[in-house]
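Letters go in sequence order (proteins before strands), and every chain restarts at 1.
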Amino acid sequence: MSLRVYNTMSAQVEEFQTLHDKEVRMYACGPTVYDYGHIGNFRTFIAVDMLQRFLRQSGYRVHYVMNITDVDDRIIRNAARDGVSVQQYTAKYEKAFLEDAAMIGIEQPHLVRATENISEMADFVAKLQAKGVAYRTDDGSYYFRIAKFPAYGKLSKKDFSGMIDGARVDVDEYDKDSARDFALWKAPKPGEASWQTSIGPGRPGWHLECSVMSMKELGDSFDLHAGGEDLIFPHHENEIAQSESLTGKTFARFWFHVRFLLVEGEKMSKRLGNFYTLRDLVLKGHKPSSVRYLLTSVPYRNQLNFTFDGLKQAAVSVERLRNFRQRLSEQSFSPGCNPEMQTLARETITHMREALEDDLNTAQAEAAILKMVRQANSALDAGSVKKEDIAPLLAALEKFDEIFAVLADDDRPKMKAVFDWAMSEGREKDISPELREIVQSGQSSDADIEEKIAEMEAARRARNFKLSDSLRAELIAAGIMIENTKDGVRWRRK
RNA sequence: GGCGCGGUACCCAAGUGGUAAGGGAGAGGUCUGCAAAACCUUUAUGCGUCGGUUCGAUUCCGACCCGCGCCUCCA
C-alpha cells in the first residue's frame, strides 16, 4: 500500500505520486510575521509537519520549503505604529514563530523570506508583462489580467466565465482593468517600505512571493503545495495563474489544505475572546505536548474543536504513553519472548501505517498505539512480557513518535522559556499558578528529590505513615509525582 | 445567492452496505497501609429528522432541520 491523500485540485483522494522517484518537493505558505502565532496557525503547520514526517518515514527524501512573509500591509502598519523599522518588527516575530514552532515539535523546513527575493519577483513580473498577462497602471503598480488565464478558478471551483470578457468595472480605489485582477506589485506610498527594481520602485504582492520563491527553490513544477483552507482562494488560485501563465506547466501536482479549527465550538476570534496564541496556553500552564497532541488528534481535513477539556484529555493521553515507555525501560524482565507481544507490536506498526496512508488518519493511528499500550500494560501486570519483547514494543512507540512527536519529556524547559519571556516582556501578571508550579518543579535537583524519597521510604518501612504521607505531600506540592511499583519508587516531575 | 464540509454515547472523536475504533469523564472491582500508576468490568438495539433503494442502512439516494467554512485580510 502507499499514501493516498486528498487533492483539492481534483477534489478527491488520490494515490500520492511524485515527479521524481522517492523524492518529494513540497512548499507550504508560512506565516506573515506580524504577531505571535495562534493555535489555528499551528494546526496547519503541525499537519504539514506530520505529512512531511510521514513521507520521510515512508522512505522519501523530502525537500520542504516554507516562506516567511516579512513584508505586507499589516507589517507596515504595525511597524509604523510601534515606531520601528519593518526589519526590526519582523525580526522579533520571526524569531518568536521559530521558537514556537520548535516548542510544539515542528521540524524546521527550509525557510525563504520575501524580502530576500525582491529582484527575482520584479523579474517575474517583467516576464508576465512581456507575455501580455500583466499590465502596469499609471501609479506604477502591476496587475495580473485574469481574462488571460482561462483556467482561473480551477482550484477553488469558481466560475469566472461571466466576468472575463474585459468588461471594464468601475472601482474607485483601483486603476485596474477588471475588478478581479489582482496586484502583482504595489507602487510605493509615502513613508512605506519599498525597493528599487527593474520594473520600478515598490513592493511585491503576497501571491507573487509564493510563486517566485516556490519555483526558485523547487522548480517550475513540484509535488505538493500546502496551506490553510482559507488560502485556496484567492491566494493559491492566484499563484497558479501567475506560475502557469509563465511556464505553461502544471505548477503544483497536489494541493493540501488544512481545515480551520473551532475553539470551544466557535470560530476563533479576538472579538469572542477565544483567541489563543501558543504562548497564551503555556502561560495558562498547558504543556506544549498537550497542545500538539490535541492538534494532531483530529484528521487534518475535519473541523477540530479545540477545548480546554480536550487539552486536559490530551495531557492524560500523553502521560499514558510516557508512563508506558518508562515502564518498559525501567522494569526488569525475565529472558525469552512472548509471541503475542511480538505480534502486537508488529500489528500496531502496520495499523498505524495503514491509518496514516489513508489520507493521514491520525485519529486511527493514535487509537492503534493506545490499544497496544493497554494490551501491553495488561500483559505487564500479568508478568507475561519477556526481555525480548521490549525492543519491538519500544520500536512501535518510536514509529508513532517519529510522526506525533509527543514522547520526549521536555515540556518543562520549554515552559520555563515562556516563563522567562513573560517576565522579560513585563507580563508577569499573565503567568498562571499552574505554570509557576511546573517551572518550580524544575528547580529542585534530582539528588534532593531522591534524598527526600529515601526519607519517605524509610518512614514507610517503619510504618510511620503519617511522616511518609507528609513527605509525599511535600513532594507533590513541589510538582513531583510519586508512584510505588514492585521495583521501588518511581518519580517524575509534573 | 454560489461552492463546500459536518451532525455518532455525558464530553472529544474514528468508522463501515451486514450490525458501532480510541480517549476522557462517571460507576463498580483488582492492586495498595493510603494514594499514585496500571489493569478488569460497565456506560449508543443507537449514529440530526422524515421518506426511499436493499434480504439488510448509521453507512447509498432524496427532502428537510441544525452547525460550520470559503466567496474580502485570515492558518
Does anything in residues 338-347 of chain A form a side-chain hydrogen bond (donor to acceptor under 3.5 Å, both in side chains)? List the pairs, not counting sequence neighbours. A:Gln342-A:Asp389
Base-pair map of RNA chain B as dot-bracket, where | denotes pairing with a different strand and pairs are Watson-Crick or G-U under 3.5 Å: (((((((..(((.....[...))).(((((.......))))).....(((((..]....))))))))))))....
Would you verify whether the NZ or CZ of A:Arg301 falls within 45 degrees of the ring axis of A:Tyr6 while also being under 6.0 Å from that six-membered ring's centre? yes
Which residues satisfy the ring pair (Phe, Tyr, Trp, His ring centres under 6.0 Å) test with A:Tyr93, sequence neighbours excluded? A:Tyr36, A:Tyr89
Taking ring pair (Phe, Tyr, Trp, His ring centres under 6.0 Å) as the definition, give me every residue that meets it alongside A:His236, ordered by chain and number, with sequence neighbours left out. A:His225, A:Trp255, A:His257
Could you list by number each residue of residues 452-468 of chain A showing a heavy-atom separation from RNA chain B of less than 4.0 Å, or answer none if no residue does? A:Arg460, A:Arg463, A:Phe465, A:Ser468
Using the 3.5 Å cut-off, write out each protein N or O paired with an N or O of nucleotides 19-23 of chain B and the distance between them.
from	atom 1	to	atom 2	distance (Å)
B:rG23	O2'	A:Ser317	OG	3.1
B:rG23	N2	A:Gln313	OE1	2.7
B:rG23	N2	A:Gln313	NE2	3.4

Does the side chain of A:Asn361 get closer than 4.0 angstrom to OP1 or OP2 of B:rG15 through an N or O atom? yes
Lys/Arg-Asp/Glu bridge criterion (N-O < 4.0 Å) met for A:Lys158, A:Glu237: no
Sorted by chain and residue number, the ring pair (Phe, Tyr, Trp, His ring centres under 6.0 Å) partners of A:Tyr152 (sequence neighbours excluded) come out as A:Phe160
Could you state the atom-to-atom distance from CD of A:Glu264 to C1' of B:rG67 in whole Å? 16 Å
Could you work out, with side chain to side chain contact (heavy atoms under 4.5 Å, CB included) as the rule, every residue matching A:Gln331, not counting sequence neighbours? A:Arg327, A:Phe333, A:Leu380, A:Asp487
RNA chain B contacts among residues 378-387 of chain A, heavy-atom distance under 4.0 Å: A:Ser378, A:Asp381
Indicate for each nucleotide in nucleotides 70-75 of chain B, in 5' to 3' sequence, whether protein heavy atoms under 4.0 Å reach the base (B), only the sugar-phosphate (S), or nothing (-). SSSSBB
Less than 4.0 angstrom between a side-chain N/O of A:Asn377 and OP1 or OP2 of B:rC39, yes or no? yes
Residues in residues 469-480 of chain A with a heavy atom under 4.0 Å of RNA chain B, by number, are A:Asp469, A:Arg472
RNA chain B contacts made by residues 90-100 of chain A, counting heavy atoms under 4.0 Å: none
Using a strict cut-off of less than 4.0 Å between a Lys/Arg side-chain nitrogen and an Asp/Glu carboxylate oxygen, indicate whether A:Arg472 and A:Glu457 qualify as a salt bridge. no
Please report the distance, rounded to the nearest Å, between CG in A:Leu360 and P in B:rA14. 14 Å
Rounded to whole Å, how long is the line connecting atom CZ of A:Phe306 with atom P of B:rA13? 12 Å
Using whole Å, report how far CD of A:Glu266 lies from P of B:rG67. 12 Å
